[in-house]
There are 2 protein chains.
Amino acid sequence: MASVGIKDVAARAGVSVATVSRVLNAHASVSPAARARVLDAVAELGYRPNTLARSLRTDQTRTLGLVISDVLNPYFTELARSVEEEARALGYSIIFGNADERPEVQDHHIRTLLDRRIDGLLVSPADGGSALVLDAARAGTPMVFVDRWIPGADVPVVRADGRGAVRDLVAHLYALGHRRLAIIAGPAATTTGSERVEAFRDALAEYGLDLPAAYVGQGDFQAASGRRATERFLDLPTPPDVVFAADNLMALGALDAVRARGLRVPHDIALAAFDDIPWFVHTDPPITAIAQPTGELGRAAVRALADRIEGRTPQSVTLPARLVVRRSCGEAAPPEAPTEAPTEETPAGRSTP
Amino acid sequence: MASVGIKDVAARAGVSVATVSRVLNAHASVSPAARARVLDAVAELGYRPNTLARSLRTDQTRTLGLVISDVLNPYFTELARSVEEEARALGYSIIFGNADERPEVQDHHIRTLLDRRIDGLLVSPADGGSALVLDAARAGTPMVFVDRWIPGADVPVVRADGRGAVRDLVAHLYALGHRRLAIIAGPAATTTGSERVEAFRDALAEYGLDLPAAYVGQGDFQAASGRRATERFLDLPTPPDVVFAADNLMALGALDAVRARGLRVPHDIALAAFDDIPWFVHTDPPITAIAQPTGELGRAAVRALADRIEGRTPQSVTLPARLVVRRSCGEAAPPEAPTEAPTEETPAGRSTP
DNA sequence: CTGAAAGCGCTTACAG
DNA sequence: CTGAAAGCGCTTACAG
């Protein structure tokens with residue numbers, strides 16, 4: 001158990017620990033002979049440097065923190081995966097924190113990450129302006145926001161712009177004859193919670209359509225809230241023709257609610273979702289969704305953070321989302337390719353009504 | 001940036017660093033006055049101990065490593081979430097590693113975790129016997145296997161036993177008149193890859209049914225392999241009546257393949273899956289699945305590992321999985337409760353045919 | 001090219 | 001109850 005240390009290696013190789021350290025860090029000049037002996041000793045002893053000690057000394061951990069809002073949401077899972085891959089490619093490790101959409105849990109993770117002296121932080125804030133996040137940014141912690149962001153912080157943002165796709169969605173719905181469109185929003189404190197509603201409202205306005213308060217359900221990006229909001233819609237004297245869920249989990253909840261009432265999509269009510277997932281191809285019916293370039297976002301975010309850490313100038317990045325039309329809004333969509341490649345859809349034509 | 005250290009706190013409080021350390025660690029005797037001054041100084045300075053330094057000194061990190069086979073698999077995502085929650089409750093942090101079902105990636109993560117001096121390791125091995133894992137276990141690294149395990153290692157195992165549920169599934173299929181049953185297996189090198197086939201074969205035998213080689217598809221727990229295996233089944237002179245996918249991702253692939261041929265479930269071919277997910281309620285048709293007590297497994301695994309680390313005797317745990325009948329095998333199932341609570345199903349009666 | 005020595009920020013016997 | 005000092009396992013100027 002008394003794990004082998006640099007001293008053991010030095011002793012075995014007949015050199016000083018300084019020399020061992022030098023060969024391990026590809027540091028300048030070491031005689032070929034010494035290098036060889038050290039390498040042999042390392043191999044024979046199975047020596048692995050203690051990263052704790054190294055980090056304490058060098059003040060860098062080669063570790064990035066990623067705090068996501070909800071691991072159980074496939075969107076964030078995919079984001080996390082791409083972040084980890086790109087980080088690994090750049091020589092960093094990732095430590096994840098799952099906020100579960102709860103600001104206190106988020107802050108717990110951020111504090112833990114900071115205590116671990118991570119080199120930088122990737123955050124998709126669960127709330128509108130955690131003091132902790134703001135303080136950390138102000139204190140100089142390299143940081144990048146992904147997907148969601150906090151206004152007023154001087155932090156690069158990597159995200160998707162869904163406005164175009166939302167407009168395409170509304171055009172699609174309008175063309176299918178839908179006029180009463182409702183949305184289940186995420187928490188107003190999150191950017192994606194409010195932006196998606198705004199984009200939706202603006203697109204409706206282009207068609208002379210209104211978004212009454214009763215047609216804005218308040219959700220929290222979790223399935224249960226989507227179910228509740230949908231039940232409320234269905235209880236309205238004049239229920240909407242369409243429910244647009246601002247994320248895939250709330251769409252799941254909406255589906256639960258519709259099913260519980262014995263109603264059918266799209267016959268009784270149409271459904272669309274922000275964020276696309278492989279299962280949407282196989283749901284009954286297949287669900288029309290707005291797809292984000294999730295993998296790209298994750299990679300871009302890591303690159304921006306690495307830029308910031310390594311002294312380059314980090315860039316904010318905004319990538320377009322796109323509409324993927326399926327059958328949940330009433331139209332028979334063409335057959336679709338399997339899982340890995342959802343069909344790129346030409347959005348329904350847009351023209352003022 | 002020059003982050004505040006214990007010396008700053010000591011200076012501000014007018015005590016030695018030893019005293020500061022004592023109050024921070026709830027160590028024995030410190031005068032109330034000194035304690036108060038230290039606490040004030042800590043608050044005023046916003047001091048946070050450097051965990052790197054602390055860990056280097058104490059030789060414990062209060063951190064557990066979790067290496068899962070595939071984050072994109074909802075089963076593992078849920079497992080990871082429950083592991084993190086229980087760990088947090090016990091005062092540990094979790095560092096995740098995603099193996100993506102690739103042994104080299106798995107080993108990369110394990111090595112990284114070990115280099116970070118985690119206190120213990122939770123592994124769901126992507127292969128049958130990584131030398132690295134075995135060495136680490138032998139070297140005394142506290143370890144617990146979750147879901148999958150490596151035979152021959154003296155490591156507690158926390159997992160679900162699917163044999164009963166698989167038997168219930170076969171009974172259900174048999175009762176529906178199916179006689180040609182096929183399975184898409186996971187990698188033979190993983191325990192869950194081979195066990196599920198064995199359980200299936202044994203259950204078939206109870207009904208006098210055979211499992212011919214052509215009806216055993218070789219998958220790797222990923223969607224694409226499920227698709228390929230299913231295509232091969234469909235190309236057989238006598239295709240099976242039922243395809244049982246050994247995980248939910250391969251079931252997704254199977255669905256893709258069936259759909260691509262223009263066939264329908266369960267009319268043309270029945271489908272069942274190991275591992276249940278919320279979307280299975282809303283797929284077309286809803287999918288019959290074997291559900292694991294995933295959250296319980298995650299929590300039990302953490303407890304076992306904490307026991308091992310803290311000097312208690314860790315217990316292996318095996319929990320039963322259960323069959324959830326839906327409509328993908330041909331029977332009209334009763335309506336089901338929404339998302340969070342899939343209906344517990346009474347399995348079809350079992351009697352020798 | 002190489003080694004002795006200081007120091008990263010903590011904790012913890014050891015004295016008092 | 002409290003402080004001075006050693007030490008955890010590394011890296012890195014500083015000399016030579």
Point to revise | Candidates C:dG9, D:dT11, D:dG9 - which lies nearest the side chain of A:Asn25 | key: D:dT11
Point to revise | Along DNA chain D (nearest heavy atom to each residue), the more 5'-positioned of A:Ala18 and B:Ala34 | key: B:Ala34
Check your understanding: D:dG9 C1' sits how many Å from B:Asp59 CG, rounded?
Key -> 11 Å
Practice item. Would you kindly give the CG-to-C1' distance between A:Leu52 and D:dC8, to the nearest whole Å? Key: 10 Å
Point to revise | Given C:dG3, C:dC10, D:dT11, the nucleotide with the shortest approach to the side chain of A:Ser21 | key: D:dT11
Exercise for review: Sort out the partner of D:dA13 for me: Watson-Crick or G-U wobble, both distances under 3.5 Å, none otherwise.
Suggested key: none
Review point. Using purine N1 to pyrimidine N3 plus N6-O4 or O6-N4 for Watson-Crick, or N1-O2 and O6-N3 for G-U wobble, both under 3.5 Å, which nucleotide pairs with D:dA4?
Key: none
Point to revise | From CA spacing to verdict: side chain to side chain donor-acceptor pair (under 3.5 Å), B:Ser130, B:Asp107 | key: CA-CA 8 Å; B:Ser130 163; B:Asp107 283 3; 2.9 Å; yes
Exercise for review: Find the distance B:Arg117:CZ to C:dC10:C1' and express it as a whole number of Å.
Suggested key: 17 Å
Check your understanding: Rounding to a whole Å, what distance do you find between B:Arg116:CZ and D:dC10:P?
Key -> 16 Å
Check your understanding: Any idea which heavy atoms bring A:Arg81 and B:Asp100 closest together, and the distance?
Key -> NH2-OD2, 3.0 Å
Point to revise | Minimum-distance nucleotide (side-chain atoms of A:Val30 versus D:dC1, C:dT2, D:dC10) | key: C:dT2
Review point. Considering only C:dG9, D:dC10, D:dT11, which nucleotide approaches the side chain of B:Arg57 most closely?
Key: C:dG9
Review point. Judged by atom type as modelled, is there a donor-acceptor pair below 3.5 Å linking the side chain of A:Thr61 to the main-chain atoms of A:Arg117?
Key: yes
Review point. For A:Gln60 and C:dC8, what is the distance between atoms CD and C1' respectively, to the nearest whole Å?
Key: 13 Å
Point to revise | Exceeds 12 heavy-atom contacts within 6.0 angstrom, atom CG of A:Asp135 | key: yes
**Study point:** Separation of the C1' atoms in C:dT12 and C:dG16, to the nearest angstrom
**Key:** 16 Å
Check your understanding: In whole angstrom, what separates B:Leu45's CG from C:dG9's C1'?
Key -> 15 Å
Check your understanding: How far does the P atom of C:dC10 sit from the matching atom of C:dC14, given to the nearest Å?
Key -> 24 Å
Exercise for review: Ignoring the backbone of A:Ser29, work out which of D:dC10, C:dT2, C:dT12 is nearest its side chain.
Suggested key: C:dT2
Point to revise | Residue pair B:Val71 / A:Thr77: nearest heavy atoms and the distance that separates them | key: O-CG2, 3.2 Å
Exercise for review: Verify the contact: side-chain N or O of A:Ser55 to OP1 or OP2 of C:dC8, cut-off strictly under 4.0 Å; return yes or no.
Suggested key: no
Review point. Less than 3.5 Å between a donor and an acceptor, one on the side chain of A:Arg22 and one on the base of C:dG3, is that the case here?
Key: yes
Check your understanding: Across the strands shown, which category fits A:Thr19 at heavy-atom distances under 4.0 angstrom: base, sugar-phosphate, nothing?
Key -> sugar-phosphate
Point to revise | Nearest-Å distance for atom pair CZ/P, residues B:Arg54 and C:dC10 | key: 9 Å
Point to revise | Proximity to the side chain of B:Lys7 - top-ranked nucleotide from C:dC10, C:dT11, C:dC8 | key: C:dC8
**Study point:** Under 3.5 Å donor-acceptor, B:Asp8 side chain and B:Val4 backbone
**Key:** no
**Study point:** Separation of atom CD1 in A:Ile6 from atom C1' in C:dC8, rounded to whole Å
**Key:** 15 Å
Exercise for review: Between C:dT2, C:dG9, C:dA4, spot the one nearest the side chain of B:Leu56, thanks.
Suggested key: C:dG9
